[in-house]
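Okay, so here's the structure we're looking at.
Counting starts at 1 for both ligands and their atoms, following the listed order.
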Amino acid sequence: MKDLRMKCPNDHEKMVIKKSEKRMTFRGIDLKVPIEHYFCPQCGTKAGTVNQTSAIQKGVSDTYRKAVRFLTGREIAEGRKKLNLSQETLAKRMNVGIASIKRWEGTQIQSKSMDHALRLALRGQSAGDICTGNRSFSIPRIKSLLKQFESVLGRHILKKNDKMLFAAKYLWYADMVAHRELGESMTGSTYAALPFGPQLNNYRDLIDNIMNAEESTAEPLSAEEKRIVNRIALKFPREQMVYDAAHRETAFTKQPIGAIIPYSDSSELREV
Ligand SMILES: [Zn+2]
């Protein structure tokens, strides 16, 4: 352990390890996170190594997950190994990307629905759904997501008589990128490959309901989801850009016309 030889920068003798608990508020929850750092008994200088700093990040994540009764990163990894599953097999079983499993076993905190799906998968059941991207379908959330796009883009994309030609492309990217990076879509929508691009399945029956939906009844978008919306809006400031990009995606082009585009292809997106 090289760490044990850490010297005080003021040329004193070697520093000692101090363990304590740090109180902090994280996502509205009061936590006591175990921390460890070096301390010089002569002058009081404190220092942390890179390992200690990343241990604190992991401590925050796992202490929070314990407090809200989610599986911790270690519990996920241990549960997976007990079943003799690779990260890849668990990812397939849940219809998420392998990157999501790696992040959850590290410091990224899963959502409540993904925590549920993880528990099912680690019990040997499958909870993933490749048509809805692991989330229940919510029309108010579609409205709320479109409003978020409109506020970033600074113009209307939800229009009465354009068959959601452009709105559907923004929605598709948001749902697919969220599935790829967070393990679940934002709206639970199912998309079909139509001649004019990826489109909400049965969009004709949905348009009026979306226009009239009350977005305040939807589960609010998380900070991670808003970041994804911002990225997509910055990438495609004009409607024609999102339309053209969607037409270039193999996740779209490989499907026969009329087929459902599965969320399991979210890892194939190239433009975002
Ligand atoms: Zn010192």
Legend entry - Intermediate values then yes/no, side-chain hydrogen bond (donor to acceptor under 3.5 Å, both in side chains), Asp175 and Thr187: CA-CA 7 Å; Asp175 274 331; Thr187 70; 2.7 Å; yes
Legend entry - N-O pairing of Glu150 and Lys143 below 4.0 Å: no
Legend entry - Count, waters excluded, of protein N, O or S atoms under 2.8 Å from the Zn ion (ligand 1): 4
Inset, instruction - Report the residues that fulfil salt bridge (Lys or Arg N to Asp or Glu O under 4.0 Å) with Arg65, sequence neighbours left out, ordered by chain and then residue number. - result: Asp62
Legend entry - Arg238: partners by salt bridge (Lys or Arg N to Asp or Glu O under 4.0 Å), with sequence neighbours left out: none
Legend entry - Ring centroid separation Tyr173 to Phe236 under 6.0 Å: yes
Legend entry - Under the ring pair (Phe, Tyr, Trp, His ring centres under 6.0 Å) test, residues paired with Phe26 that sit two or more places apart: Tyr64
